[in-house]
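Throughout, numbering of the chain's residues begins at 1 and tracks the sequence. Whatever order the structure lists ligands and atoms in, that order sets their numbers, starting from 1.
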Amino acid sequence: MKILITGGTGYIGSHTCVELLNENHEIIIVDNLYNSKKTVIEKIQNITNKKVKFYEADVSDKNRLENIFEENDIEAVIHFAGLKAVGESVKMPLTYYRNNIDSTLTLLEVMSEHNCKNLVFSSSATVYGEQEEPVYVESMKRKEPSNPYGKTKAMIEQILEDLSISDPEWKITLLRYFNPIGAHKSGEIGEDPNGIPNNLMPYILKVAIQELPELTIFGKDYDTKDGTCIRDYIHVVDLAKGHIKALEHLTKATPGTYIYNLGSGQGISVQEIVTTFEKVNNIKIDYKFGPRREGDLPGFYSDASKAYKELGWKVEETLETMCKDSYNYIKNQKQ
Ligand code: NAD
Ligand code: UFG
C-alpha cells in the first residue's frame, strides 16, 4: 500500500516507518522538522535498506499538501504530526490548538478532495481524562483532559467521529497510545528531546549519561503499591507494529470509526522503572523524591484486549527490553 505518514521523522512515526517498510509498504513522509531531524530519513533507510520519499512541509500548508497528493497515489494516511508537550501546551494553548487542529482539518480536506478516506490517527490515553477505575477501556466515555494538548486529541477524535457520520466512505482508526518508551534495537532511532525532558524515560537517560545530575520522582505518597505513580509503558516498536495491524484491519473493515488502546495492559510504578533500568543496564541512577507534579493522575493502565481480539496485536517486549533499548539508543547517540 502507498501510505502518507505525517510526522514520520518523529519518535513514534520513525519507528512505524521502519515497520511499514519491513512489510513492503511504500511510504511518503511529510514533516516540518519542528521536533525532529532530517537525518532520521537516512537512518530509516539504513535500517530497512529501502527508499523513503520525504517532503519537508507543514501539514497545515494546503497548497503543499495538495501537491503531495497530486504527485503520489496515496491510499491511506497515518497522522502522527502534532505538538505533544503537556506543560508547553498550558503555556502556549493557541500554538497547540492552531497546530494540532489546523493541520488535521487541512489534512482531512485534502484527503477528501483526493478521495483518500482511510486514516489512522495518533490519539492518546489522555482522552480518558480521570475515570473512576484505573483500567481504561475503549467503551468508557471520554472525560475532559486537564491540559490543552490533551484537549486537542479529544477534539480531533470528535471531529473524526463527526466526519465519519457525515460521509460513510471514511474508514478511521483512533489509536490511543499509553506511555511509549524504548527505541529500535539498532540504536539508530529513538527519543532524545532538546532541552530538559518532561517525560520520565528521556529524563532517566539524561541522568544515565550524566547530562543531568539526578532524577526527581514526583510524589511518593500516592495510594499505589510503592507510593509512586502508575502508568502503562509500551515499547515503541510494539506500538509501531500496532499501526501495521490497524492498517491491515482498516483495509478489510466496513467504513466507520474504530478505537483501540495500544498499551501493555500492565501498571508499572515510577520506582519500578528506575529499579529495572538500573538492574538491566548495570548503572546507578541518582534520584530523590519531590512533591507531586500538578495534573498527574495517580495511576491508570490499558485494557488492551480489544486490540488483541480485533487486530490480533499484543505487546512482545518487556519492561527489561524497554529499559535496555532506551539506554542502548542514548549511548549510541553520544558515541
Ligand atoms: P514527535 O514530536 O517525536 O513527532 C511528531 C512529529 O510531527 C515531529 O517530527 C514534528 O516535527 C512533526 N510535526 C508537528 N507539527 C507538524 C505540522 N504541523 N506539520 C508537519 N509536521 C509536524 O512526537 P511522537 O512522540 O512521535 O508523537 C507522535 C504522535 O503521537 C503525536 O500526535 C503525539 O501527540 C501522539 N502521542 C504521543 C505520545 C507520547 O508519549 N510520545 C503519547 C500519546 C500520543
Ligand atoms: N515522572 C517523574 N519524574 C520526571 C518525569 C516524570 O517522576 O522527571 C513521573 C510522572 O509523575 C508520571 C510518570 O513519571 O507519574 C510518567 O510521566 P511522563 O511525563 O513520562 O508521562 P505522563 O504519563 O505524564 O504523560 C504521557 C504523555 C502524554 C500523554 C499522557 C497520557 O507524555 O502525552 O501520557 O497518556 F498525554
Side-chain angles (χ1 to χ4, degrees), residues 5-16 29-38 40 55-61 64-65 78-87 89 95-96 98-104 106-107 121-129 136 145-147 149-150 152-153 156 175-181 189-193 196-204 206-207 212 214-220 222 224 228-234 236 239-240 261-263 268-271 273-274 287-302:
I5 315 291
T6 76
T9 44
Y11 173 47
I12 306 169
S14 58
H15 288 83
T16 305
I29 296 179
V30 53
D31 200 302
N32 62 6
L33 301 180
Y34 177 84
N35 197 36
S36 54
K37 297 190 181 86
K38 203 174 171 179
V40 168
Y55 293 89
E56 183 177 341
D58 196 300
V59 180
S60 314
D61 183 340
R64 286 295 308 280
L65 208 58
I78 308 183
H79 182 33
F80 292 104
L83 301 178
K84 62 160 184 177
V86 172
S89 79
T95 306
Y96 270 68
R98 170 66 78 192
N99 186 72
N100 292 2
I101 306 289
D102 220 14
S103 57
T104 305
T106 306
L107 175 69
F121 173 63
S122 296
S123 191
S124 165
T126 191
V127 302
Y128 287 105
Y136 289 2
S146 63
N147 58 78
Y149 159 71
T152 68
K153 291 292 174 197
I156 295 169
L175 297 179
R176 293 178 176 166
Y177 312 154
F178 283 69
N179 288 47
I181 58 171
I189 52 173
E191 188 178 29
D192 185 14
I196 297 177
N198 297 302
N199 296 116
L200 179 62
M201 184 54 82
Y203 204 107
I204 292 176
K206 294 274 182 203
V207 176
L212 287 171
E214 64 180 355
L215 169 76
T216 302
I217 296 183
F218 300 137
K220 65 178 293 203
Y222 286 102
T224 59
T228 67
C229 282
I230 304 281
R231 293 288 180 275
D232 179 336
Y233 296 91
I234 169 170
V236 67
L239 185 62
N261 286 339
L262 293 184
I268 305 287
S269 76
V270 177
Q271 179 79 72
I273 291 264
V274 175
Y287 67 89
K288 63 172 189 231
F289 290 102
R292 294 180 176 198
R293 183 171 69 177
E294 208 188 312
D296 268 347
L297 298 177
F300 60 85
Y301 52 99
S302 66

Checklist outcome for this item: The closest protein heavy-atom partner of atom 5 (C) of ligand 1 is Gly82 O, 3.8 Å
Next on the checklist: Geometry only, no angles: is Tyr34 polar-contacting ligand 1 at N/O separations under 3.5 Å?
Outcome noted: yes
Next on the checklist: Is the contact between Leu200 and ligand 2 made by the side chain, the backbone, both, or neither, using heavy atoms and a 4.0 Å cut-off?
Outcome noted: both
Next on the checklist: Tell me the protein heavy atom at minimum distance from atom 26 (O) of ligand 1, and give that distance in Å.
Outcome noted: Ile12 N, 2.8 Å
Item to check | Reference residue Asn261; test side-chain hydrogen bond (donor to acceptor under 3.5 Å, both in side chains); the match among Tyr128, Tyr177, Tyr301 | outcome: Tyr128
Checklist entry - Of the backbone atoms (N, CA, C, O) and the side-chain heavy atoms from C-beta on, which set of Asn199 has a member under 4.0 Å from an atom of ligand 2: side chain, backbone, both, or neither? => result both
Checklist entry - For Pro193, is the nearest heavy atom under 4.0 Å from an atom of ligand 1? => result no
Item to check | Close-contact set for ligand 2 against Ala125 heavy atoms, below 4.0 Å | outcome: 35 (O)
Next on the checklist: Please classify the Tyr149 to ligand 2 contact at 4.0 Å (heavy-atom distances, strictly less than): side chain, backbone, both or neither.
Outcome noted: side chain
Item to check | Atom pair CG/OG1 of Leu200 and Thr228 - distance to nearest 0.5 Å | outcome: 9.5 Å
Next on the checklist: For ligand 1 and Phe178, I'd like to know whether there is a polar contact (N/O to N/O, distance under 3.5 Å).
Outcome noted: no
Item to check | side chain to side chain contact (heavy atoms under 4.5 Å, CB included), paired with Val270, selected from Ile217, Ile230, Ile204, Asp296 | outcome: Ile217
Next on the checklist: Check for me whether Asp58 has a heavy atom closer than 4.0 Å to any atom of ligand 1.
Outcome noted: yes
Next on the checklist: Using a 4.0 Å cut-off to any heavy atom of Ile217, which atoms of ligand 2 qualify?
Outcome noted: 7 (O)
Checklist entry - Got a donor-acceptor contact below 3.5 angstrom from the Tyr96 side chain to the Gly150 backbone? => result no
Checklist entry - Do any nitrogen or oxygen atoms of Phe218 come within less than 3.5 Å of a nitrogen or oxygen of ligand 2? => result yes
Next on the checklist: Distance under 4.0 Å to a non-hydrogen atom of Asn198: what atoms of ligand 2 satisfy this?
Outcome noted: 5 (C), 19 (O)
Next on the checklist: Given 3.5 Å as the limit, does a donor-acceptor pair link the side chain of Arg64 with the main chain of Glu56, or not?
Outcome noted: yes
Checklist entry - If hydrogens are left out, which of Ser124, Cys229, Gly299 has an atom nearest to atom 15 (O) of ligand 2, that is, the closest non-hydrogen atom? => result Cys229
Checklist entry - Any sub-3.5 Å donor-acceptor pair from Asn199's side-chain atoms to Pro202's backbone N or O? => result no
Checklist outcome for this item: Per-atom filter on ligand 2: closer than 4.0 angstrom to a heavy atom of Val270 are 7 (O), 9 (C), 13 (C), 14 (O), 15 (O)
Checklist entry - Which one holds for Lys153 and ligand 1: side chain close, backbone close, both close, or neither close, with close meaning a heavy atom under 4.0 Å? => result side chain
Checklist entry - Does Ala81 offer a backbone N or O that forms a donor-acceptor pair with the side chain of Thr6 under 3.5 Å? => result yes
Checklist entry - Is the closest N or O pair between Val59 and ligand 1 shorter than 3.5 Å? => result yes
Checklist entry - Looking only at distance, does Thr216 have an N or O less than 3.5 Å from an N or O of ligand 2? => result yes
Checklist entry - Is any N or O atom of Ala81, backbone or side chain, closer than 3.5 Å to an N or O atom of ligand 1? => result no
Checklist entry - Can any side-chain N or O of Asn100 pair as donor or acceptor with the backbone N or O of Thr152 at less than 3.5 Å? => result no
Checklist entry - Is Lys37 salt-bridged to Asp31, going by a charged N under 4.0 Å from an acidic O? => result no
Checklist entry - Which of these, Ala125, Gly10, Ser89, has its nearest heavy atom closest to atom 4 (O) of ligand 1? => result Gly10
Checklist entry - When you measure from the side chain of Lys206 to the backbone N and O of Leu215, does any donor-acceptor pair fall under 3.5 Å? => result no
Checklist entry - What's the shortest distance from atom 11 (O) of ligand 1 to any protein heavy atom, and which residue and atom give it? => result Asp31 OD1, 2.7 Å
Checklist entry - Which heavy atom of the protein is the closest neighbour of atom 2 (O) of ligand 1, given with residue, atom name and distance? => result Asn35 ND2, 2.7 Å
Item to check | Distance-only N or O hit between ligand 1 and Tyr11, under 3.5 Å | outcome: yes
Next on the checklist: Polar contacts were defined as any N/O atom of the residue lying under 3.5 Å from an N/O atom of the ligand; does this apply to Lys84 and ligand 1?
Outcome noted: yes
Checklist entry - Under a 4.0 Å heavy-atom limit, does Tyr233 contact ligand 2 with its side chain, its backbone, both, or neither? => result side chain
Checklist outcome for this item: Separation between OG (Ser103) and CZ (Arg98), nearest 0.5 Å, reads 11.0 Å
Item to check | Proximity flag Arg176 to ligand 1, non-hydrogen atoms under 4.0 Å | outcome: no
Checklist entry - Any N/O of Arg231 closer than 3.5 Å to an N/O of ligand 2? => result yes
Checklist entry - Which atoms of ligand 1 sit under 4.0 Å from any heavy atom of Tyr149? => result 33 (C), 34 (O), 35 (C), 36 (N), 43 (C), 44 (C)
Checklist entry - If you measure from each non-hydrogen atom of Leu215 to ligand 2, which part falls under 4.0 Å: side chain, backbone, both or neither? => result side chain
Item to check | Under 3.5 Å donor-acceptor, Ser89 side chain and Tyr149 backbone | outcome: yes
Checklist entry - If only atom types and distance count, is the side chain of Ser14 paired as donor or acceptor with the main-chain N or O of Tyr11 below 3.5 Å? => result yes
Checklist entry - Which one holds for Asn179 and ligand 2: side chain close, backbone close, both close, or neither close, with close meaning a heavy atom under 4.0 Å? => result side chain
Checklist entry - Should Ser103 be counted as touching ligand 1, given the test is an N or O pair under 3.5 Å? => result no
Checklist entry - Between the side chains of Tyr136 and Arg176, does any donor sit under 3.5 Å from an acceptor? => result no
Checklist outcome for this item: Looking only at non-hydrogen atoms, the one of Thr126, Asn99, Val127 nearest atom 15 (N) of ligand 1 is Asn99
Item to check | Selected option - heavy-atom contact closest to atom 31 (C) of ligand 2, from Val86, Thr126, Ile230 | outcome: Thr126
Next on the checklist: Give me the atom names and distance for the closest heavy-atom approach of Phe178 to Pro180.
Outcome noted: O-CD, 2.9 Å
